[in-house]
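What follows is one structure encoded as structure tokens, with my remarks underneath.
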Amino acid sequence: YRLHVPSARELRREFLRAGYADVRVEPAPLFAPHWGDGPAARGLDAYNRVRRWPLIRSGLRLVGPRLLVRASARATASKPI
């Protein structure tokens, strides 16, 4: 079988198609508590600090390990029963 990991653009398009508004795709925080306090854990801490910087955020949207989608539901007029 084949897996396809959607890009930030694909995720945004699908959420908009599903009816969500104000869709934002950003690099997700990463957690690995089992790594302890070693160099890998410090690298992960650094990633979590800089992932919101504009230039870094843009690059991580292209190649990021994980993406986080935030969106809000669109207000719809309810139909009378």
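The first residue of the sequence shown is numbered 1, and numbering continues consecutively from there.
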Around atom CG of Leu55, are there more than 12 heavy atoms of other residues, nucleotides or ligands at under 6.0 Å?
-> no
Across all chains, not counting sequence neighbours, the side-chain hydrogen bond (donor to acceptor under 3.5 Å, both in side chains) partners of His4 are Glu10
Residues 53-69 vs side chain to side chain donor-acceptor pair (under 3.5 Å), sequence neighbours excluded, gives none
Practice task
Find out whether Leu11 and Leu67 are in side-chain contact, i.e. whether some heavy atom of one side chain is under 4.5 Å from a heavy atom of the other.
Solution key: yes
Please table the atom pairs, donor to acceptor, closer than 3.5 Å between any side-chain atom in residues 12-21 and protein atoms at least two apart or in another chain.
from: Arg12; atom 1: NH1; to: Val23; atom 2: O; distance (Å): 2.6
from: Glu14; atom 1: OE2; to: Arg17; atom 2: NH1; distance (Å): 2.9

For residues 25-34, the salt bridge (Lys or Arg N to Asp or Glu O under 4.0 Å) pairs (sequence neighbours left out) are Glu26-Arg70
Only distances under 3.5 Å count here; give the side-chain donor-acceptor pairs of residues 37-52 to other protein atoms, sequence neighbours excluded, each with its distance to 0.1 Å.
from: Arg42; atom 1: NH1; to: Asp37; atom 2: O; distance (Å): 2.8
from: Tyr47; atom 1: OH; to: Ala28; atom 2: O; distance (Å): 3.1
from: Asn48; atom 1: OD1; to: Leu30; atom 2: N; distance (Å): 2.9
from: Asn48; atom 1: ND2; to: Leu30; atom 2: O; distance (Å): 2.7
from: Asn48; atom 1: ND2; to: Leu44; atom 2: O; distance (Å): 3.4
from: Arg51; atom 1: NH1; to: Pro27; atom 2: O; distance (Å): 2.8

